[in-house]
Undergrad: 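Quick one: this structure, given as structure tokens, is what I'll be asking you about.
All values below were derived from every heavy atom in this structure, side-chain atoms included, with hydrogens, water molecules and symmetry-related copies excluded.
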Amino acid sequence: AIPIAALIIASAGIWLGTNRAILRWISDLRAIASEVGRGEYRVPVLQFAGAPAEVRGLAAELRRMARLIARRDRTLQQGIQQQKALTHELHHRVRNNLQVIGSFLALRENQVQDPAVGLALSEARLHVGLLGAVYRLLYDRGELTPVRLDQLLEAIVPLLRRELAIEIAFEVEGRAGLETVEIDTAIPIALWSLQALLLLSEHGPEQRPPICGTLSSSQEGARLCFTTEDRSQWDDDPISLRMLDGLARQIGGTSTDGGAAPGERAICLRWTPRTGPGQSAPDQRLSSADPASPQPRGSSRTEARSSRE
């Protein structure tokens with residue numbers, strides 16, 4: 001019994017000595033390492049004053065590592081803040097430049113006498129104004145953020161309706177408007193919509209039926225169509241048709257031109273969205289005010305068409 005009791009006493013002494021000399025210090029080091037992992041970089045070295053030399057050395061290295069991590073975090077945060085400031089300034093300058101270009105084109109448009117030249121300047125101004133509207137919508141919060149399709153169309157359709165002096169009835173079917181798009185998709189969609197409406201508003205009688213726009217989605221992808229009724233002869237500019245095809249290819253889609261019924265013309269864009277429906281997007285609405293609007297776009301087109309005739 002005595003040897004067994006001596007063995008138990010020796011084991012207890014070894015356990016207590018090991019716990020006091022090593023194990024409890026290791027537990028403290030583990031707790032501090034967890035705090036460093038959570039972003040708390042203060043390592044109380046004085047806490048390990050009574051620890052063995054090896055443990056004190058390990059605590060000192062842990063403190064040095066925490067200081068290096070904290071220094072790198074501060075450097076990264078400063079770099080991020082500087083990048084945000086530079087990006088904000090860049091966006092501000094781009095927005096101002098677009099407004100200056102639009103105003104300059106508007107002034108020149110009012111001064112020219114040739115209807116064809118005025119029409120070209122009006123189209124250029126409208127392209128610049130549309131880019132500015134999309135740009136403001138995407139950078140509304142100071143950073144580049146995705147935008148829902150319904151928000152994008154709510155921003156550009158009133159602008160096009162006013163500038164082209166045509167009636168546009170637009171409808172979003174189902175959940176198609178919840179698709180989100182980045183800037184490299186939003187800008188081609190906006191420019192494609194402008195070019196399609198230019199083609200549909202260029203021909204036909206002055207009092208034409210309204211242009212109907214629809215946005216829908218299916219398993220095959222998203223579909224944006226503009227349709228109008230017109231029994232006149234269409235004589236489209238081949239450059240405009242190539243622009244429609246080129247803008248559609250930029251987002252991996254196709255542009256089609258036709259009608260489901262006699263006397264009807266429908267220009268449609270089909271593409272596969274890169275993001276799924278229901279993703280979060282900034283719930284902001286953009287005013288369609290244009291910095292320079294000397295006259296409705298439709299009047300210039302009517303004058304140019306009369307001059308050609």
Undergrad: Do Val147 and Trp271 sit in one hydrophobic cluster, given that two such residues count as connected whenever their side-chain heavy atoms are within less than 4.5 Å of each other, even indirectly?
TA: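 As far as the 4.5 Å side-chain criterion goes, Trp271 and Val147 are connected within one cluster.
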Undergrad: Report whether Val94 and Val134 are members of the same hydrophobic cluster (ILVMFWY, side-chain heavy atoms less than 4.5 Å apart, transitive linking).
TA: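 Per the 4.5 Å side-chain linkage, Val94 and Val134 are co-clustered.
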Undergrad: Check the side chains of Gln111 and Arg108 for a donor-acceptor pair under 3.5 angstrom, ignoring hydrogens and angles.
TA: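 There is such a pair between these side chains.
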Undergrad: Which is it for Arg161 and Glu167 under the side chain to side chain contact (heavy atoms under 4.5 Å, CB included) test, yes or no, and what are the steps along the way?
TA: CA-CA 6 Å; Arg161 182 187 293 123; Glu167 184 178 353; 5.7 Å; no
Undergrad: With the side chain counted from C-beta on, respond yes when Gln82 and Gln78 share a heavy-atom pair under 4.5 Å apart, and no when they do not.
TA: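 Side-chain contact under 4.5 Å: no.
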Undergrad: Would you say the side chain of Leu224 lies within less than 4.5 Å of the side chain of Cys268, judging by non-hydrogen atoms?
TA: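 Contact flag for Cys268/Leu224 side chains = no.
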Undergrad: Honestly curious: do Leu137 and Leu90 fall in one hydrophobic cluster under the side-chain, below-4.5 Å linking rule?
TA: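 Yes, because Leu137 and Leu90 connect within a single hydrophobic cluster, where side-chain heavy atoms sit under 4.5 Å apart.
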Undergrad: How far does NE2 of His91 sit from CG of Leu138, to the nearest 0.5 angstrom?
TA: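 Interatomic distance, His91 NE2 to Leu138 CG, rounded to 0.5 Å: 10.0 Å.
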Undergrad: Work out which heavy atom in Trp192 is nearest to a heavy atom in Ile267; give both atom names and the distance.
TA: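 Heavy atoms only, the tightest pair is CH2-O, 3.4 Å.
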Undergrad: Would you name the heavy atoms of Thr256 and Arg270 that are closest together and state the gap between them?
TA: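 Heavy-atom minimum between the residues: OG1-NH1, 3.4 Å.
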Undergrad: Kindly give the heavy-atom pair with the smallest separation between Leu269 and Ala248, and that separation in Å.
TA: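 Taking every non-hydrogen atom into account, CD1-CB, 3.5 Å.
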Undergrad: When rounded to the nearest 0.5 angstrom, what distance separates CZ in Arg265 from CG in Asp257?
TA: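 Rounded to the nearest 0.5 Å, the CZ-CG separation comes to 4.0 Å.
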Undergrad: Roughly how far, to the nearest 0.5 Å, is CZ of Arg162 from CG of Leu164?
TA: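 Rounded to the nearest 0.5 Å, the CG-CZ separation comes to 10.0 Å.
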Undergrad: To the nearest 0.5 Å, tell me how far Leu244 CG sits from Ile239 CD1.
TA: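 The CD1 atom of Ile239 is 12.5 Å from CG of Leu244, to the nearest 0.5 Å.
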Undergrad: Which atom pair, heavy atoms only, marks the closest approach of Leu153 to Pro158?
TA: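 Looking at all heavy atoms of both residues, the closest pair is O-CD, 3.9 Å.
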Undergrad: If you count the non-hydrogen atoms of other residues, nucleotides and ligands that lie under 6.0 Å from CG in Leu86, is the total more than 12?
TA: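 Correct, the count exceeds 12.
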Undergrad: Set out, in order, the CA-CA distance, both residues' side-chain angles and the distance that settles salt bridge (Lys or Arg N to Asp or Glu O under 4.0 Å) for Arg148 and Glu179, then state yes or no.
TA: CA-CA 6 Å; Arg148 293 206 315 257; Glu179 301 282 358; over 6 Å; no
Undergrad: Do the side chain of Thr87 and the main chain of Gln83 share a donor and acceptor less than 3.5 angstrom apart?
TA: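 Between the backbone of Gln83 and the side chain of Thr87 there is a qualifying donor-acceptor contact (under 3.5 Å).
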Undergrad: Parallel, tilted or perpendicular, judged at 30° and 60°: which one describes the rings of Phe226 and Phe170?
TA: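 Ring orientation of Phe226 relative to Phe170: tilted.
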Undergrad: Are Leu198 and Val117 linked, directly or through other ILVMFWY residues, by side chains that come within less than 4.5 angstrom of each other?
TA: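 Hydrophobic grouping puts Leu198 with Val117.
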Undergrad: Looking only at heavy atoms, which two atoms of Leu98 and Val128 are closest? And how far apart?
TA: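 Scanning both residues completely, I find the closest heavy atoms to be O-CG1, 3.4 Å.
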Undergrad: Is there side-chain contact between Ile211 and Thr227, with at least one heavy-atom pair below 4.5 Å?
TA: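 Sidechains of Thr227 and Ile211: no contact.
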Undergrad: Determine whether a donor-acceptor pair (N or O, by modelled atom type, separation under 3.5 Å) exists between the side chain of His127 and the backbone of Glu123.
TA: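 Such a contact is found between His127 side chain and Glu123 backbone.
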Undergrad: Determine, stepwise, if the pair Ser240 / Gln195 fulfils side-chain hydrogen bond (donor to acceptor under 3.5 Å, both in side chains).
TA: CA-CA 7 Å; Ser240 299; Gln195 200 62 39; 3.2 Å; yes
Undergrad: Taking all atoms of both residues into account, what is the closest heavy-atom pair of Leu149 and Ala176, and its distance?
TA: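 Distance-wise, the nearest heavy atoms are CD1-O, 3.8 Å.
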Undergrad: Within the structure provided, determine whether Leu241 and Leu199 are in side-chain contact (heavy-atom separation under 4.5 Å).
TA: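 Yes, side chains in contact.
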Undergrad: When rounded to the nearest 0.5 angstrom, what is the spacing between CG in Leu197 and CD1 in Ile168?
TA: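 With rounding to 0.5 Å, CG (Leu197) is 4.5 Å from CD1 (Ile168).
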Undergrad: Return yes when atom CD of Glu89 has more than 12 non-hydrogen atoms of other residues, nucleotides or ligands closer than 6.0 Å, and no otherwise.
TA: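 Enclosed.
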Undergrad: Out of curiosity, does Leu247 fall in the hydrophobic cluster containing Val181 (side-chain heavy atoms, cut-off under 4.5 Å, transitive links)?
TA: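 Linked within one cluster.
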Undergrad: Supply the atom-to-atom distance Leu215 CG to Cys225 SG, rounded to the nearest 0.5 angstrom.
TA: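 Reported to 0.5 Å precision, the distance equals 9.5 Å.
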Undergrad: Ignoring hydrogens and geometry, is there a side-chain-to-backbone donor-acceptor pair from Ser193 to Ile189 under 3.5 Å?
TA: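 Yes: the side chain of Ser193 pairs with the backbone of Ile189.
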